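Working notes for the structure below.
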Amino acid sequence: MEPVYNPKKIEAEAQQYWEDHKTFKATENPDQEKFYCLSMFPYPSGSLHVGHVRNYTLGDAISRFWRMQGKNVLQPIGWDAFGLPAENAAIKHQVPPAKWTYQNIKHMGDQLKRLGFGYDWDREIATCKPEYYRWEQWLFIQLYQKGLVYRKNSVVNWDPVDQTVLANEQVIDGRGWRSGAKIERREIPQWFLKITAYAEELLQDLDKLTEWPAQVKTMQRNWIGKAEGAIVHFKVVNRAEEIEIFTTCPDTLFGVTYLAIAPEHPLALTVAESNPLVHQFIEECRLGKVAEAEFATLEKRGMDLGLKVINPVNGETVPLWVANYVLMDYGTGAIMAVPAHDARDYEFAKKYGLPIKQVVTPIENNQICDLSKAAFVEKGKLIHSGQFDGLGYKDACKAIIQFLEEKKVGQGQIHWRLRDWGVSRQRYWGAPIPMIYCKTCGTVPVPQKDLPVVLPEEVEFVGVGSPLKKMPEFYKTICPNCQQPAERETDTFDTFIESSWYYARFACPDQTDAIFDERADYWTPVDQYIGGIEHAILHLLYARFFHKAMRDLKLIASDEPFSRLLSQGMVLKDGTKMSKSVGNTVDPESLIEQYGADTLRFFLMFGSPPEQSLEWSESGVEGAFRFLKRLWDMTAKYIKQPNPKDPREDVQKQLRRLCHETIAKVTDDFGRRHTFNTAIAAMMELFNHMQTLSKNANIKEPLEAIILMLSPIAPHITHALWNALGHQQAIIDETWPKVDSAALVKQSQEWVVQVNGKLRGNIEAPVSAANQDLERWALEQENVKRHLEGKKVQRIIIVPNKLINIVVKDA
RNA sequence: GCCCGGGUGGCGAAAUUGGUAGACGCAAGGGACUUAAAAUCCCUCGGACUAAUCCUCCGUGCCGGUUCGAGUCCGGCCCCGGGCACCA
């Protein structure tokens, strides 16, 4: 064994060993329990950042742990290779997006290898390759034929100067990031996936995901947003139209004092034709980008359309307004306004002097509440509501919905917040949407034999519009139906599609005849999925939707893609997110160079629990290195002189108990809690005890336990140390240490003594001590006695194996 | 604005089911070894009071509540972060 810890040398040796022995090649084996561990695949942005390393270290540590527990582990890796940054790089550096992407994949792949992650590299996927996206195109057509795909108009950010659609992040303060032009919302035809067809199942099945963090499930539940309410029809006075609104509070229908419709609502557009002021208002409303946060925070503005509508429950006429806070994409594009009981309507009514009419009153004090400052938004009892007066929220909703249905002016309805998924992108670097437009036959999907529709990789990139629109050799084609000239769709897919099914393709990435084969049902669902919390809603919801749709196409057997989920926090530096744009990134490569991969991995696992954000600290990295070095030195010393000069049986027994307590703790932390930080702390504690007790006890057992249990986190140094200790088998093939419960037995233990909940002493007592004795010993303590002077003992609470609390009162 | 998290020493954090607040580590200070430095090892390390490492009091963002007992539960606030459907 080398006397000095030399990470560079031992890391290269360990990695060479794994490569030579094809250690991480995963093979299907029906006789062995499988464990599919997947970290969210990276976007090949250029080089790894510390957040990636944290994510992949978590995945690797979990994979190696379960491997040592005897599971057949699959841990694949790939590249989420389509996306906007490649186009930006293309404009900036005059390099085609494909070339830039493949360079990045090469570089980042090499970096991953130097970190020693146990991937099955034979299964590597890059989503920008035709052999991957051909099956995505194929799947899209299957969904189309199932009726889960349709085309409709929807709103995008339009840059009128660059004549380009912009992503939300490319709109800064309402202006295009390159042109500086004011952005307008514009409607264009786009392809949609009917995720709403699965809304109910996506909601219900959250209950099956018992191993998902509660916060992620709550976020998804709220995002799907199932709401019971009612559709109500308001007739427009002197016109043929009716305005249809959805409300979750039909109980407040008598409090409606105006209706508001979205600027894009057909009736608003009709009025605008003859009213220049309304026309101008609607034009102004089109400025700004498409984002919910944008609408929710903008100043509420509106205009009276000069029309009246009739409230079907009481025949009252109320004015019809157009308002910028009503969204055409949500519900019906029209709302009923009840200023007395809705905060937004209240603000709007106050601003424009519209009436505020109370119809709900608090149950406990049946009085008119003060509406001069704010709306009363709680549930209560109805007043001023005709025959419905006196009813509570639920009864009122029920009775009013029944009334609406009887009079045929509305009905009860379930509303979903979830909207269908728009998948068209007016961009080049994405998978082509496999559709053909024919003058005679209409929209025709590309036949399977013609897949993939290959994205041309050699392109001139200037950043104004998609290059595909200027490439007749791409878009000119023949209609598969009538053989007449036709045109291809030039939009590409949202890159979220690639990441919605890649986890299943990892089971059989080499299959050329089908999207999946029987290996997919061996490996899926993913047993452990790990990724950033920022993906809690969109990516995970889309993947769940795809999985269910693929199940219904009989492509896969299970109902959910990810059995267990770990949502990782961000890596921060100086309290803010570490990112390229802030310019505070840390390069993992120089750290590997200086300290080695094990030190970096160790620090990232030790710094904080995975779900929390992690504060970067250079000195913390040094601390990690120091510990690994101490472990190296300790092992070297042990090999030189295995037996203590002055052995003692009681010390040996004590050390053994500490060792097995630690094994129990670390096993639980790895397998159940995923709190690698406390697992490492426990190993350090054992290490410190071991060092202290090494004069009087043989340390073989705890030393080997620490090395084994540290191996998922720091696989290189433990590989070398295990060899040095004389083991024939490589540590990666060893099994996880087992707890010997006999070693845990204790004769006596410490009890905490409290008086009125405050710590006043400790007693050491036999584990089997009777409560009577514990009480007596507690009361005999000098410090306890002092606190009992002049007091009367009320009762004594004993918490088993923990504490004795004496409750006293002034005598 | 809405939804979801978080806030504990100088710093990262621990306290798993309501039961000893600060494990483990970093930084700092003191000491040993050394010609010296680095490395290593040992000691101290929330605040106040104190001769003291005793005792006592205060202390987990802020205000209030429940309880024998609250970092943990409940109500109300403040601040920070993530997401909000075209960044991935």
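Predicted model only: the values in this text are computed from it and were never measured. Below, chains carry the letters A, B, ... as their sequence lines are ordered, and counting in each starts from 1.
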How is Q754(A) classified with respect to the nucleic acid when contacts are heavy atoms under 4.0 Å: base, sugar-phosphate, or nothing? base
Distance test, side-chain N/O of Q612(A) to OP1/OP2 of G5(B), below 4.0 Å: no
If you look at every strand shown and take non-hydrogen atoms under 4.0 Å, does Q170(A) touch a base, only sugar-phosphate, or nothing? nothing
Base, sugar-phosphate alone, or nothing: which one does L84(A) contact when heavy atoms must sit under 4.0 Å apart? sugar-phosphate
For A15(B), does either OP1 or OP2 sit under 4.0 Å from a side-chain N or O belonging to R673(A)? yes
Just N and O in the side chain of R626(A): are any of them under 4.0 Å from OP1 or OP2 of A39(B)? no
Distance below 4.0 Å between R795(A) side-chain N/O and C68(B) OP1 or OP2: yes
Please confirm whether the ring centroid of F82(A) lies under 6.0 Å from the ring centroid of Y133(A). yes
Looking at every strand, decide which applies to A536(A) at a 4.0 Å heavy-atom threshold: base, sugar-phosphate, or nothing. nothing
Identify whether the distance between the nearest side-chain nitrogen and carboxylate oxygen of R185(A) and E294(A) falls below 4.0 Å. no
Contact class for H52(A) vs. all strands (heavy atom < 4.0 Å): base, sugar-phosphate, or nothing? nothing
Are OP1 or OP2 of G19(B) and a side-chain N or O of N805(A) less than 4.0 angstrom apart? no
Under 4.0 Å between any heavy atoms, over every strand shown, what does F295(A) touch: base, sugar-phosphate, or nothing? Just pick one. nothing
Base, sugar-phosphate, or nothing for L614(A), non-hydrogen atoms under 4.0 angstrom? nothing
Using a heavy-atom cut-off of under 4.0 Å over every strand shown, decide if E611(A) touches base, sugar-phosphate, or nothing. nothing
With a non-hydrogen cut-off below 4.0 angstrom, is H539(A) in contact with a base, only sugar-phosphate, or nothing? nothing
For a quick check of understanding: with a heavy-atom distance under 4.0 Å over all strands, which category does M683(A) fall into, base, sugar-phosphate or nothing? nothing
Using both distances under 3.5 Å as the test, list the Watson-Crick or G-U wobble partner of A88(B), or none. none
Give one of base, sugar-phosphate or nothing for D80(A), where a contact means two heavy atoms less than 4.0 Å apart. sugar-phosphate
So, for K217(A) and T210(A), which heavy atoms are closest and what is the spacing to 0.1 Å? NZ-CA, 4.0 Å
Might you confirm whether atom NZ of K351(A) has over 12 heavy atoms from other residues, nucleotides or ligands at distances under 6.0 Å? yes
Please work out whether G9(B) sits syn or anti, treating a glycosidic angle within 90° of 0 as syn. syn
Regarding U16(B), can its base be found pairing with the side chain of R672(A) as donor and acceptor, where the two atoms are less than 3.5 Å apart? yes
W421(A) and Y542(A) aromatic centres sub-6.0 Å: yes
Distance test, side-chain N/O of N88(A) to OP1/OP2 of C87(B), below 4.0 Å: no
Are E347(A) and R344(A) within salt-bridge range, i.e. N to O under 4.0 Å? no
How would you label the contact of F606(A) with the nucleic acid (heavy atoms, under 4.0 Å): base, sugar-phosphate, or nothing? base
Phosphate-side-chain proximity, K758(A) and A21(B), N/O vs OP1/OP2 below 4.0 Å: no
Distance check: side-chain N/O of N222(A) vs OP1/OP2 of G83(B), anything under 4.0 Å? no
Give a yes/no on whether any side-chain N or O of R760(A) is located under 4.0 angstrom from OP1 or OP2 of U56(B). yes
Q749(A) side-chain N/O to U20(B) phosphate OP1/OP2 under 4.0 Å: no
Classify K217(A) by what it touches in the nucleic acid, base, sugar-phosphate, or nothing, heavy-atom distance under 4.0 Å. nothing
Is the shortest side-chain N/O distance from H787(A) to OP1 or OP2 of U56(B) below 4.0 Å? yes
